[in-house]
Number of protein chains: 2
Amino acid sequence: MLSIGDVADQSGVPASALRYYEKEGLLPPAERKGGQRRYSPDILFRIRVIKMAQQAGFQVNEILTLLEGFDSNVPPSERWREMAQKKRMELEEKQRELVLMQEVLDRGLRCTCLSWDECFLNVSLDGTCDRGGEKGADRHPVVFSRRYR
Amino acid sequence: MLSIGDVADQSGVPASALRYYEKEGLLPPAERKGGQRRYSPDILFRIRVIKMAQQAGFQVNEILTLLEGFDSNVPPSERWREMAQKKRMELEEKQRELVLMQEVLDRGLRCTCLSWDECFLNVSLDGTCDRGGEKGADRHPVVFSRRYR
DNA sequence: ATAAAACTTAAAGTTCACTTTAAGTCAAGG
DNA sequence: CCTTGACTTAAAGTGAACTTTAAGTTTTAT
């Protein structure tokens, strides 16, 4: 059995956060030994899922629904399914945004403009600066133009 | 030229947030007509990028660095490049978590267990319940087990 | 010309997800 | 047995990202 400090060390989640999760219902009330929490190592898997969901943009109350938002003892309740479906679509949208953002970063990293001043005339929807027309794709993204400094 | 209300409508970002962004430097100080903000439609592209970066998990001050965190007039400063490199790696990590999370949701949505009680004995690292052994992959993910209700 | 709708600011308030603090209790090692 | 370090709680504090409020000004439509 692990103390809260052990779990904190092994999961990378501070003890204060673990107590907070317990209070919010994200973690089950831990067994106690003389008032102190004792965890089975299983808890680490649950914490992993909580962290994963957080990275994916779930709020605490959403993770709660995800984990225990059903009362029936039949498989995934309608409520759960609805939430999961909705969330799945949100995740897909978020992935698209993530990829777009990576492309913006990559464009910036590959940029070969010699000065910002070269880069502030044309705004195109894909975010590149296409003034001269020669190697437009490798110019600064216009978002970074001097106009806004 | 667009009023702040127009921009709010067209971008989906509340006027109060737009004012906040201006105060924080995310948006350039807008031109004024009798004290009221007037925007060129170009601003919508910038707002799109801000939203994109937010979806991707950038904080406001990070977006600030992204947009104007360089002083030189040579292409992407070292500072910018460092930040972009770091962020790119974070984005990749986040994508992996997103995919994992989708898989957890999908497993839940595909689950065919007849009751939660069927699903609370085995914990495996991939998060599936594999008691009987027949169609293990389609059981409730163990995260959702009764143990924690 | 005037009334309604939309805008302005500064400052205070809100929500989320924790963290910190204070005062005290427990447990593990020597 | 005793000290030290880890733990306990409740409550207050924090930082991020806005939103709301209040009091006033400007624009727009009739």
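Since this is a predicted model, take the numbers as computed values, not measurements. Here is the naming used below: chain letters follow the sequence lines, and residue numbers restart at 1 for every chain.
Taking atom NZ of residue B/K33 and atom C1' of nucleotide D/dT26, one finds them 10 Å apart after rounding to whole Å. One can place CD of B/Q59 at 10 Å from C1' of D/dA17, the figure rounded to the nearest angstrom. In this structure, CG of B/L64 is placed 13 Å from P of D/dA16, rounded to the nearest angstrom. In this structure, B/E24 atom CD and D/dC18 atom P are separated by 10 Å, rounded to whole Å. Atom CD of A/Q36 is separated from atom P of D/dG5 by 15 Å (rounded to the nearest Å). Rounded to whole Å, the distance from CD on A/E22 to C1' on D/dC7 is 13 Å. D/dC18 atom C1' lies 8 Å from atom OH of B/Y21, rounded to whole Å. Note: OH (A/Y39) to P (D/dA6) measures 17 Å, nearest angstrom.
Residues forming a side-chain hydrogen bond (donor to acceptor under 3.5 Å, both in side chains) with B/Q59 (at least two apart in sequence, or on another chain): none. A/E92 pairs by the salt bridge (charged side-chain N to carboxylate O under 4.0 Å, His left out) definition with A/R88, not counting sequence neighbours. Legend: residues meeting salt bridge (charged side-chain N to carboxylate O under 4.0 Å, His left out) with B/K94, ordered by chain and number and at least two apart, are absent. Partners of B/E93 according to the salt bridge (charged side-chain N to carboxylate O under 4.0 Å, His left out) rule, which considers only residues two or more places apart in sequence or in another chain, are B/R96. Looking at residues two or more places apart in sequence or on another chain, you find a side-chain hydrogen bond (donor to acceptor under 3.5 Å, both in side chains) between B/Q102 and A/Q95. Under the salt bridge (charged side-chain N to carboxylate O under 4.0 Å, His left out) criterion, A/E31 pairs with no residue at all, not counting sequence neighbours. Annotation: side-chain hydrogen bond (donor to acceptor under 3.5 Å, both in side chains) contacts of A/Q55 (sequence neighbours excluded): none.
B/E62 comes within 4.0 angstrom of nothing in the nucleic acid, heavy atoms only.
Counting 5' to 3', DNA chain C first comes under 4.0 angstrom of a heavy atom of chain B and last does so at the ends given by C/dC7 to C/dT9.
The stretch residues 3-20 of chain A comes close to DNA chain D through A/S3, A/I4, A/G5, A/R19, each having a heavy atom under 4.0 Å from the strand.
The nearest pair of heavy atoms linking A/I50 to A/Y21 is CG2-CE1, 4.3 Å.
Comparing B/K23 and B/G34 along DNA chain D, the residue whose closest nucleotide (by nearest heavy atom) sits nearer the 5' end is B/K23.
With respect to A/E90 and A/K87, a salt bridge is recorded, a charged nitrogen being found less than 4.0 Å from a carboxylate O.
Contact between the side-chain N/O atoms of A/R37 and the OP1/OP2 oxygens of D/dC7 is not found at any separation under 4.0 Å.
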